[in-house]
Amino acid sequence: MALFLLLTVLAVFVSAGYFERSAPAATETQAAAGGYIKYVEFNVPYIALKKAMNLDISSHNQEKKYNWIELLSYLGAKYGGNFSHYKSNDMDVLVEKLKTQSMDDLTKNMKLYGYYHKAYTAVLGGLLGSYKVNGEEKYGLIGFSPIAKTFPYNDYDDFGAARSYGYRRQHLGHDMIAATGTPVIAVESGVVEALGWNQYGGWRIGIRSFDKQRYYYYAHLRQNRPYVANLAVGQTVTAGDVIGYVGHTGYSTKENVNNINLSHLHFGLQLIFDESQKECNNEIWVDVYQLTMLLRQNQSTVIRNPETKEYSRQTPIEIQYP
């Protein structure tokens, strides 16, 4: 009798979709059938991100080029998304195989490769590419750390931690502890979609990537002067630009209130595979802690205008997008 009841409950949960978030294979099937991805868990460690990125960059002008997203997607499919199994040698073996075989050949029997490639492209797609500095063309990391260079910050992986203001929920972002007034940097180029007050995030900025798959969320910005001058909804910003300043606003229905105890930047990344996911009950927010460790290698150098007291980037860059 007990077994019958257990099986009945499980059947109800499955039919209601309660297990969908832990089933990448099902998600891939939906995408293959013309649907879209509904869940992504991004747990690629910094050491794997860095190694894959360095292989991509170092091979850029070589006859045999390695794509970091393809390398990571292969390993994601190999591990079933569980990078606790990651071994540096696994990537070495993959690179060795790619000297004589194509990625298509290596992945033709990997059912989950397509899912991970779409998911990891959504996370990483705008962070590596070609750019020009003072007319000189380069290739490398074009995503920037959310915190400007020389400004200290502390952090730890707090994604999923409990929050209680308003209602009990999970923390779907990454807190970077920094002094009030620290310049906040646009991680990727895109269009400002949201600006203004949110009772949870205080003064906040939402920027959408050009391919529309990534929505970057910067929250708890400074009281009174949260944004760089003239920032507006619909404006295009370039990766590395100063967009605002760290503060501790939020947790209030009343605007411009400092109800957060500790000054910090809440940095979040939402993935959007379909516009219906932008604001819904099943939004896809990913853990960006390992990603911020990688982005720390590319911090924007800023200068301060003594008259306006505004910060701006020191060196303009031209980023080439596909």
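The shown structure was predicted, so the numbers you read here are calculated from the model rather than taken from an experiment. What you see below is based on every heavy atom in this structure, not just the backbone, and it leaves out hydrogens, waters and symmetry mates.
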J.: For the pair H266 and H220, name the ring-plane relationship: parallel under 30°, tilted 30 to 60°, perpendicular over 60°.
T.: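 It falls in the perpendicular class, over 60°.
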J.: Knowing that exactly one of V40, L271, I37 qualifies, which makes a side-chain contact (heavy atoms from CB on, under 4.5 Å) with K118?
T.: I37
J.: Should the pair E63-K99 be classified as a salt bridge under the 4.0 Å nitrogen-to-oxygen rule?
T.: no
J.: Check this for me: does any side-chain nitrogen of one of K278 and E283 sit under 4.0 Å from a carboxylate oxygen of the other?
T.: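 Here K278 does not pair with E283 in a salt bridge, since their nearest N and O are not under 4.0 Å apart.
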J.: Does K65, at its NZ atom, have more than 12 non-hydrogen atoms belonging to other residues, nucleotides or ligands within less than 6.0 Å?
T.: yes
J.: Salt-bridge test for D92 and K51: reply yes if a basic N is under 4.0 Å from a carboxylate O, no otherwise.
T.: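 Looking at D92 and K51, the cut-off is met.
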J.: So do the side chains of V237 and S189 get within less than 4.5 Å of each other, counting heavy atoms only?
T.: no
J.: Are there over 12 heavy-atom neighbours, none belonging to N261, within less than 6.0 Å of that residue's CG?
T.: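 No - once you tally the heavy atoms of other residues, nucleotides and ligands closer than 6.0 Å, there are 12 at most.
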J.: Quick one about Y79 and D90 (side-chain donor to acceptor, distance below 3.5 Å, no hydrogens or angles considered), yes or no?
T.: yes
J.: If we only count heavy atoms from C-beta on, is the H85 to F83 side-chain gap below 4.5 Å?
T.: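 H85 does not reach F83 side chain to side chain.
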J.: May I ask you to decide if Y46's main-chain N or O and Q290's side chain share a donor-acceptor pair within less than 3.5 Å?
T.: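 Looks like yes, one N/O pair under 3.5 Å.
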J.: So which heavy atom on S59 is nearest to which on K64, and how close?
T.: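 Nearest pair, atom of S59 first, then K64: CB-O, 3.5 Å.
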J.: What verdict does the side chain to side chain contact (heavy atoms under 4.5 Å, CB included) test give for H264 and M176, after you've listed the backbone C-alpha separation in whole Å, the side-chain angles of each residue and the deciding distance to 0.1 Å?
T.: CA-CA 5 Å; H264 70 278; M176 307 176 80; 5.9 Å; no
J.: How many angstroms lie between atom CD1 of I205 and atom CG of L195, to the nearest 0.5 angstrom?
T.: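 Here the interatomic distance stands at 6.0 Å.
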J.: Answer yes or no: is there a side-chain heavy-atom contact under 4.5 Å between V246 and L221?
T.: no
J.: NZ/K50 to CD1/I47 distance, rounded to the nearest 0.5 angstrom?
T.: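 Going from the NZ atom of K50 to the CD1 atom of I47 covers 10.5 Å.
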J.: Return the set of residues passing side chain to side chain contact (heavy atoms under 4.5 Å, CB included) with A194 (not counting sequence neighbours), or none when no residue passes.
T.: R204, Y215
J.: Not counting sequence neighbours, list each pair that qualifies as a side chain to side chain donor-acceptor pair (under 3.5 Å) and has a residue in residues 249-258.
T.: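 Qualifying pairs: W203-N256, Q223-N258, N224-N256.
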J.: Any pair with a residue in residues 227-242 that passes side chain to side chain donor-acceptor pair (under 3.5 Å), sequence neighbours left out, goes on the list, sorted by first then second residue, please.
T.: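 The answer is D241-R313.
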J.: If I compare all heavy atoms of M110 with all of A77, which pair ends up nearest, and what's the gap?
T.: CE-CB, 3.5 Å
J.: Distance from R225 atom CZ to E310 atom CD, nearest 0.5 Å?
T.: 5.0 Å
J.: Any chance you could measure L172, atom CG, to D287, atom CG, to the nearest 0.5 Å?
T.: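 Rounded to the nearest 0.5 Å, the CG-CG separation comes to 10.0 Å.
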J.: Would you say the side chain of Y217 lies within less than 4.5 Å of the side chain of N198, judging by non-hydrogen atoms?
T.: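 Heavy-atom side-chain distance check passes, below 4.5 Å.
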J.: H174 pairs by ring pair (Phe, Tyr, Trp, His ring centres under 6.0 Å) with which of F159, Y153, Y289, F267?
T.: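 For H174, the ring pair (Phe, Tyr, Trp, His ring centres under 6.0 Å) test succeeds with only one of F159, Y153, Y289, F267, which is Y289.
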J.: Please answer whether the main-chain N or O of I177 pairs with a side-chain N or O of N154 as donor and acceptor at a distance below 3.5 Å.
T.: no
J.: First locate atom CD of E275, then atom SG of C280, and finally report the distance between them rounded to the nearest 0.5 Å.
T.: 11.0 Å
J.: Any sub-3.5 Å donor-acceptor pair from Q277's side-chain atoms to D274's backbone N or O?
T.: yes
J.: Please give me the minimum heavy-atom distance between I317 and A239, naming the atom from each residue.
T.: CD1-O, 4.1 Å
J.: Do E188 and R214 meet the salt-bridge criterion of a basic N to acidic O distance under 4.0 Å?
T.: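 Yes, this pair counts.
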J.: Report yes or no: does S102 contribute a side-chain atom to a donor-acceptor pair with the main-chain N or O of D105 at less than 3.5 Å?
T.: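 At least one qualifying donor-acceptor pair exists.
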J.: Given side chains that start at C-beta, do those of L94 and Y74 come closer than 4.5 Å, heavy atoms only?
T.: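 Answer yes - side chains close enough.
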J.: Please determine whether side chain to side chain contact (heavy atoms under 4.5 Å, CB included) holds for the pair V288 and V123, giving the CA-CA distance in whole Å, both sets of side-chain angles, and the decisive distance to 0.1 Å.
T.: CA-CA 9 Å; V288 293; V123 178; over 6 Å; no
J.: Contact between L262 and H248 at the side-chain level, heavy atoms closer than 4.5 Å - yes or no?
T.: no
J.: Of all residues at least two apart in sequence or in a different chain, which pass the ring pair (Phe, Tyr, Trp, His ring centres under 6.0 Å) check with F42?
T.: Y120
J.: Go through the structure and list residues passing side-chain hydrogen bond (donor to acceptor under 3.5 Å, both in side chains) with H60, not counting sequence neighbours.
T.: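 If we apply the side-chain hydrogen bond (donor to acceptor under 3.5 Å, both in side chains) test to H60, skipping adjacent residues, there are no hits.
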J.: Using atom types as modelled and distance alone, determine if a side-chain donor or acceptor of E318 lies under 3.5 Å from a backbone N or O of V133.
T.: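 Answer holds: no.
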J.: Mind jotting down which residue pairs meet the salt bridge (Lys or Arg N to Asp or Glu O under 4.0 Å) criterion with at least one end in residues 122-148? Sequence neighbours excluded, please.
T.: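 Listed once each, the pairs would be none.
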J.: Does the side chain to side chain contact (heavy atoms under 4.5 Å, CB included) test come out yes or no for V302 and K149, once each step is laid out?
T.: CA-CA 7 Å; V302 299; K149 190 173 184 177; over 6 Å; no
J.: Mark yes or no for whether Y245, through its side chain, and T180, through its backbone, hold a donor-acceptor pair below 3.5 Å.
T.: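 Checking the backbone N and O of T180 against the side chain of Y245, no donor-acceptor pair under 3.5 Å is found.
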J.: Between L294 and W68, which heavy-atom pair has the shortest distance, and what is it?
T.: CD2-CZ3, 3.8 Å
J.: Distance from D157 atom CG to N43 atom CG, nearest 0.5 Å?
T.: 10.5 Å
J.: Within the distance-only criterion (no hydrogens, no angle test), does the side chain of S145 pair as donor or acceptor with the backbone N or O of R296 below 3.5 angstrom?
T.: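 No.
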J.: Before you tell me yes or no, could you show the steps for T150 and Q299 under side chain to side chain contact (heavy atoms under 4.5 Å, CB included), namely the whole-Å CA-CA distance, both residues' side-chain angles and the distance that decides it to 0.1 Å?
T.: CA-CA 8 Å; T150 73; Q299 292 186 284; over 6 Å; no
J.: So which atom in V257 and which in W197 form the shortest heavy-atom distance, rounded to 0.1 Å?
T.: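 Heavy atoms only, the tightest pair is N-CH2, 3.4 Å.
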J.: Would you kindly confirm whether V233 and I243 end up in one hydrophobic cluster when ILVMFWY residues are joined by side chain heavy atoms under 4.5 Å apart?
T.: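 As far as the 4.5 Å side-chain criterion goes, I243 and V233 are connected within one cluster.
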J.: Which atom names give the shortest non-hydrogen contact between L72 and L124, and what distance separates them?
T.: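 Residues L72 and L124, closest heavy atoms: CD1-CD1, 3.8 Å.
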